Every structure is written in C-alpha cells, then in structure tokens.
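Below you'll find the structure, written out as structure tokens, and then a few comments.
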Amino acid sequence: MTIENQIKSALVQAFNDLYNSVIDEKILQLQLTRKDMKGDYTLVVFPLLKLSKKNPVETGNDLGAAVLKLCSDVSSFEVINGFLNLTLSHAYWIRALQVIGGNETHGFKSADAHSPLVMIEYSSPNTNKPLHLGHIRNNLLGFSISRIAQVNGNRVVKTNIVNDRGVHICKSMLAWQKWGQGQTPESTGLKGDHLVGNFYVKFDQEYKKELSELMAKGLSKEEAEAQSTLMHETREMLLKWEAHDPEVYELWKTMNQWVYNGFDVTYKNMGVDFDKIYYESDTYITGRDMVFEGLEKGAFYQREDKSIWCDFTAEGLDEKLLLRTDGTSVYITQDIGTAKLRFDDYKIDKMVYVVGNEQIYHFKILALLLDKLGFDWGKDLMHFSYGMVELPEGKMKSREGTVVDADDLMEEMVNTARAMSKELGKLDGYSEEEAEKVYKTIAMGSLKYFILKVDPRKNMTFDPKESIDFNGNTGPFIQYTYARIQSVLKKAEDKGFEIPSQVNTNVGLGVKEVLLIRMLANFPQIIAEAGSIYSPAIIANYTYELVKEFNQFYHESPIAFEEDADVRGLRLQLCKVVGQTIKNAMWTLGVDVPERM
RNA sequence: GGUCUCAUAGCUCAGCUGGAUAGAGCAUCUCCCUUCUAAGGAGAGGGUCUUAGGUUCGAAUCCUAAUGGGAUCACCA
C-alpha cells in the first residue's frame, strides 16, 4: 500500500471516529505539498467542512492529530489557511530512497504476452522530398510516445506508412525525365532524397511558369490549370504507373530507392526506427477493393462521371471523394487499405496515428469510413494530432525557401556542440571518436528536448538561435547534470567510498534531500500520467524540475567530500538514484545521456 | 460562412481532473570557481493570466459570449 493510500484510509477512519460520518476516499484531495511550504502531503480541508461541521482550523487539527496517531510514518502536521500539511518522518524517506535505488527501472511497467498491443504510426513521409522540421517533430513525438506506451506496460509496434505513390511522386519523376539529364545521387554527390526533392521543386517552378504563360494569353487560373500540359502529363504518368507500365515503374523504383537510402541516413541520425513499414503502393489496391466493396454494400455511391463518394452530411460533415473519375486512388483510399492490412497482420488493441492537426478532419472521416465498412475498430482509432512547427518569421513555406531541412539542422547542431565543447575544453583526454559521439549526443539531446518539452497539441515556435542554446531549460543542461553525477560517483569510488547497501535511517535529512526523494518517489505517477495522455512534455518538464533541484542540492552540500559516513552514504545513494531517474526519463524521450561532457 | 483549436512576463514555454503569494528559461542588471564539472549556483527588475459575464467557500484552470491568431471544409497529400 502506498503512503498516499495509507494516509487516505487513516483519514477515512478518522472522519468516522471524529464526526461519525462515512466518507469515500475519492473526495479526499491529497496532494504533494507546495515546495515553499513545510510538509510532504497536503489535504485540502475546505470540501470536508460541510461534513465535519467545524471550521477549517478545527477540522484540520482534528484530522491531523488523528492521522499522526494512525500513521506511524507521519511525524508531524500543521494547519495553514485551511490546508492540512502532513510531514513524513525522515526514516520513511530514507527507506523509500532505498527501495527506489534497488529498482533500476523504477516507475516503468513491463509488458507480457497478454498486455495490450498498441500500434503507433508515425513519420509517414512522402517520397518526393527530404524530411524537414515538421517531420522532425512528428518523428520525435512518435518515437517517444512509443517508448512511453512501452514503459506503461503495452506491447508496442512502431509503424510507418510510406506515401510512395500518387501525383506528387509523378511530378518529381516527370521533372527528372524532362530535365534530369540522367543525374543520380552518385553522379551529383547528393543524398538521394535531396536529389529527388530538387526535381519536385523544379516541377513546381516549371508548372508555375506554364500557368503564367497561359494566363498571359487571357486564360483564367482554373482554365490554365485545366490546360496545363505538365499536369496532363503527370496524370498520364499516374495512370501508366497504376497500369504498371514498365518504363514508368522502373523509374519509380529507382527514384524511390534513392529516397529510401537518404531517409535511412536521416532516421539513423535522428535515432528513430520502425518495427513494420507499409508502403502505399502495396496498400492502395486493398483500399480500392474496399471502396468497391462498400459501393456494392450501398455504403457509398457513384456519380455519373464514375467517381465514387461517401456521404457524411448526416454526420454533419461533407461528401468525401474516395476514387477519382479516372479510377485512381486519393489519399484516403490507401488509408482504408493500410488499416485493413494492419489489422490482418496484428491483433491490434489500439491504433494510434501520429499526424499533424491539419488532418483532424481527415481522421474524423477515416474513423467514420471504417465504421461504415463494418470494422468495429474504426471508431476507436486515435489520431494523435500535434501542432505545427513555425519559425519566428512565421510558417515555413517551401516556395519561399524557408523550410528547415532535417539533415541540415542536425548537422548544424552537431557543429555547434562540437565548437562549444572544444571551447570549454570539456572532453580533453577523449579520443576523437569518443568526443564525436558525445557531440552528437549533446546536439541531438538539445534538439529532441527542445521539441519534446512543449505540449504536443500546441503549435510551437522553433527559433534556431534558441534551440542551439545549451543553458537553462535544455537537453544539455539535463545531460550535464547526469554527467556531473557520474563524476561525483566516480570521485567517491576513487576515494574508496561505497554506496552502502543499507543506509542508516537515523540520519537527518536536509530540506532539499527530502524534496528530491519526494520527487523521485513521484516518478511512477509522472510516467503513468504521460502514458495516459501520450505526453513526452510531462516527462521533460518533470526531469527539468528534478535536475534543477539536484543542482541546488549539489551546490550547498558536499557529497563525496562529506565526512560523516552515514550522511555521505545517503547522499551518494541519492545521487545514484537521481542519475538513474534522469537516464530513464530521458530514455522515454529518446535522448541519450553522456558519462562525461 | 460552418466546424475545430489557441490566447499566461519583452521573447519561448510550464502551470493536469478548480486550491495557499501565478512559475521557469532566454534577454537585462548584480554576485559566486584555493571543495565533488561555472554547459552550474544565488539575487534583482519584469504580470489587469485577451475582455466581459456566470458557476462557488475558492477560477489562469470549468461554462457562456465577445475579440484576436491558427487549422480545416479539394477529383492535393
């Protein structure tokens, strides 16, 4: 039984004894005491006054005295402003620290064969251009919530649906055919995804040019779009592709492979991976079959021009196109197919889609659509919708060249970390290789933490200057504290001091020490909360608070230099557990911690 | 226009199911390396929590409305 439950049941009993009133534990508001007040747990007594029929001070004192008697771990209490603050004994906290220290994965639940299976889709890139800052947020969130789901006792399958077909892919293919002059990643020295991206941009430029020429002849924008040769050729290419025209198909395979090779590098640098990858080129046919199936069943209808639609006006939404007039698939067609294949492949209990909030409508439709097709899991799919990443100047616009490229950004972060570290002379004595590894750890830690610390649902501003700052509420600050702890522990070891297996529970604790242990004891709740709402930010902010407290403690208390052996033993134990907790917390964010920095 | 979302310090963000004096970081200004890593610590200034109502012992938090941003409603993805 946790201490909170002990206190609560004591309160229930006390209430019964004192006021002859039976209460439910649920109405007891027991929370951790504010940092600036004396005490460990606080009971808000206001809601209880109607039942106690006494004023807040009397009620608080009555209950405090009773709990003091009933709970041996409670050592004192105080009533202030209608709040009953309970203080636990130092011996209790020392024992708690001991227990946490004995469990390397304190706060984590492990999954077994019967645990729920959660499939998490993230990344889902298009194979027509390299990954950018927006994808970074998606990838980091997807990877982190996978780990968070995992440490909350779920079986997790990380998945990726690669959007490798469609008009947008044909655009870069067509541009390469027309203007590529046989360029390859080898011949240009470019990363494959960047090379293909260049042709996508090229297409857009040429298309714009064509449109403005047509409009100069007096055509309206719509007319120009309809008459565009480039767009016409693109659609023809899509038809050819769907018909598996050998030439088009070969080109498609080749260019996609270039992109995959490029993505592999980016994913590796980012430190994310997948258990199962689906390709739209494999799933859209299943999707199309299901659309026809739905048509037969009468769930959908066909217009005169042969296009197939689903009517959602009864649900307060619009009509949705499922298959074009020319029979080719649209975005949502493949999503239906992908869902079907996934549920055929795995016994999924929960499906999570990590996709930006601009697609809320899309997923609402998808859920209804799957429901209409008779899949009982349709309604239960979860769209983990996160906010957009904006730059200080505003939204990223590819046309204005303000898109922050993922590869460039990561490289720049590493360069900054290297320069900073060299300037500070932090890694003197490390080999070049070891040092490079640390630079990368810091750079990625900085980037990941910067993005994950903000509430996923909210839009965020990404200021490159700020993201590269390694002081304050940043990844490197947390990593630094971890490294510092390792250094202290090493120092102690060098002096022959060991962490005792059993710390003397009579040692007096400082205010900061109690606070730290309290925070450590609270870690499981943080993990559980992060799991219930899929929020890495909760863990990030918790870790920052923990680290900040630790640094204050570090500054005011000698650890390896402490002369009293009992006190020293306790502090070393505390250091070890804080370090362990930092490492575990950062692990859920996909952030590594260095032993030295 | 319909729907959805957001609004907290100069800037970037925390403040969870209502609780004590609204917190951090950055930026500005002071201090602290003859003790375990100064990528650190201490301190100062900086707020009508967008506005107006409501709910109640108690509201940044819940409800309603207004204002201002953003998203979305494609034979784009």
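These numbers were taken from a predicted model, which means no experiment stands behind them. The sequence lines fix the lettering, A, B, ..., with proteins before strands; numbering per chain opens at 1.
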Donor-acceptor pair present, A:Thr474 side chain and B:rA39 base, under 3.5 Å: no
Any-strand Watson-Crick or G-U partner of B:rA44, both distances under 3.5 Å: B:rU28
Which nucleotide in B:rA39, B:rG19, B:rG40 has an atom nearest any side-chain atom of A:Pro47: B:rG19
Sugar-phosphate only, base, or nothing, as touched by A:Asp463 at under 4.0 Å among non-hydrogen atoms: nothing
Check: A:Phe470 ring centroid to A:Tyr480 ring centroid under 6.0 Å: no
Pair A:Phe462 + A:Phe450: ring centers closer than 6.0 Å: yes
Inter-nucleotide C1' distance (B:rU61, B:rG15), Å rounded: 9 Å
Below 4.0 Å: OP1/OP2 of B:rA27 and any side-chain N or O of A:Lys465: no
Base of B:rG19 and ring of A:Phe46 stacked, centres under 5.5 Å, planes under 30°: yes
Candidate nucleotides B:rU37, B:rC13, B:rA20, ranked by approach to the side chain of A:Val454 - the nearest: B:rC13
side-chain N/O A:Arg324 vs B:rA74 OP1/OP2, d < 4.0 Å: no
Base B:rU5 to side chain A:Lys458, donor-acceptor N/O within 3.5 Å cut-off: no
Interatomic distance at P, B:rA66 relative to B:rG19, whole Å: 28 Å
Value in whole Å for how far the P atom of B:rC57 lies from CD of A:Glu58: 20 Å
Closest-nucleotide ordering on RNA chain B, the 5'-leading residue of A:Asp318 and A:Glu595: A:Glu595
Minimum-distance nucleotide (side-chain atoms of A:Lys395 versus B:rA38, B:rA39, B:rG70): B:rG70
OP1 or OP2 of B:rA77 under 4.0 Å from side-chain N/O of A:Tyr331: no
A:Phe83 aromatic ring stacked with six-membered ring of B:rG19, 5.5 Å and 30°: no
Gap between atoms CD1 and C1', on A:Ile468 and B:rU12 respectively (whole Å): 16 Å
Rounded distance in Å between the C1' positions of B:rC26 and B:rU67: 30 Å
Protein-nucleotide distance (A:Asn473, atom CG; B:rA9, atom P), rounded to Å: 17 Å
Proximity to the side chain of A:Tyr554 - top-ranked nucleotide from B:rC36, B:rG19, B:rA39: B:rC36
Residue pair A:Phe384 / A:Leu141: nearest heavy atoms and the distance that separates them: CE2-CD1, 4.1 Å
A:Glu466 CD - B:rA24 P separation (whole Å): 17 Å
Sugar-phosphate only, base, or nothing, as touched by A:Leu49 at under 4.0 Å among non-hydrogen atoms: nothing
Six-ring centre of A:Trp309, A:Arg303 cation under 6.0 angstrom, axis tolerance 45°: yes
Sugar-phosphate, base or nothing in reach of A:Asn128, heavy atoms under 4.0 Å: nothing
5'-most by nearest nucleotide on RNA chain B - A:Gln359 or A:Met460: A:Met460
Nearest listed nucleotide, side chain of A:Glu358, among B:rU72, B:rC36, B:rG40: B:rU72
Whole-Å P distance, B:rA22 and B:rU50: 15 Å
A:Val488 side chain, from C-beta outward: closest of B:rU3, B:rA77, B:rC36: B:rC36
Minimum heavy-atom distance A:Leu28-A:Lys8, with the two atoms named: CD1-O, 3.6 Å
A:Asp36 with A:Arg34: basic N within carboxylate O range, under 4.0 Å: yes
Sugar-phosphate, base or nothing in reach of A:Gln29, heavy atoms under 4.0 Å: base
Nearest to side-chain heavy atoms of A:His555, which nucleotide of B:rG41, B:rU37, B:rA20: B:rG41
Sugar-phosphate only, base, or nothing, as touched by A:Ser557 at under 4.0 Å among non-hydrogen atoms: base
Nucleotide forming a Watson-Crick or wobble pair with B:rU3, both distances under 3.5 Å: B:rA71
Aromatic ring proximity A:Tyr284/A:Trp241, centre distance under 6.0 Å: yes
Any A:Asn471 side-chain nitrogen or oxygen under 4.0 Å from OP1 or OP2 of B:rG40: yes
A:Arg568 NZ/CZ over A:Phe497 ring centroid, <6.0 Å and within 45° of normal: yes
Sugar-phosphate only, base, or nothing, as touched by A:Arg457 at under 4.0 Å among non-hydrogen atoms: nothing
Touch class at under 4.0 angstrom, heavy-atom based, for A:Pro392 against every strand present: nothing
C1' gap between B:rU55 and B:rG68, integer Å: 26 Å
Sugar-phosphate only, base, or nothing, as touched by A:Ala483 at under 4.0 Å among non-hydrogen atoms: base
Touch class at under 4.0 angstrom, heavy-atom based, for A:Lys548 against every strand present: sugar-phosphate
Syn or anti conformation of B:rC33, syn meaning chi within 90° of 0: syn
Whole-Å P distance, B:rG23 and B:rG40: 23 Å
Nucleotide nearest A:Ser421 (side chain, heavy atoms from C-beta), chosen from B:rA39, B:rA20, B:rG40: B:rA39
Sugar-phosphate, base or nothing in reach of A:Asp455, heavy atoms under 4.0 Å: sugar-phosphate
Salt-bridge present (A:Lys364, A:Glu315; N to O < 4.0 Å): no
Interatomic distance, A:Gln31 CD vs B:rC16 P [rounded to whole Å]: 11 Å
Spacing of the P atoms in B:rC62 and B:rU17 (rounded, Å): 6 Å
Sugar-phosphate only, base, or nothing, as touched by A:Val44 at under 4.0 Å among non-hydrogen atoms: base
Residues A:Lys512, A:Glu556: salt bridge by 4.0 Å N-O rule: no
Sugar-phosphate only, base, or nothing, as touched by A:Phe470 at under 4.0 Å among non-hydrogen atoms: base
Partner nucleotide, any strand, of B:rC57 [Watson-Crick/G-U, under 3.5 Å]: B:rG19
Identity of whatever pairs with B:rU64 - Watson-Crick or G-U, under 3.5 angstrom: B:rA52
Distance, C1' atom - from B:rU5 to B:rU56, rounded to whole angstrom: 28 Å
Short side-chain N/O contact from A:Gln552 to OP1 or OP2 of B:rA42, under 4.0 Å: yes
Protein-nucleotide distance (A:Glu556, atom CD; B:rC33, atom C1'), rounded to Å: 17 Å
Sugar-phosphate only, base, or nothing, as touched by A:Thr461 at under 4.0 Å among non-hydrogen atoms: sugar-phosphate
Sugar-phosphate, base or nothing in reach of A:Tyr480, heavy atoms under 4.0 Å: base
Check: A:Asn85 side chain, B:rA20 base, donor-acceptor under 3.5 Å: yes
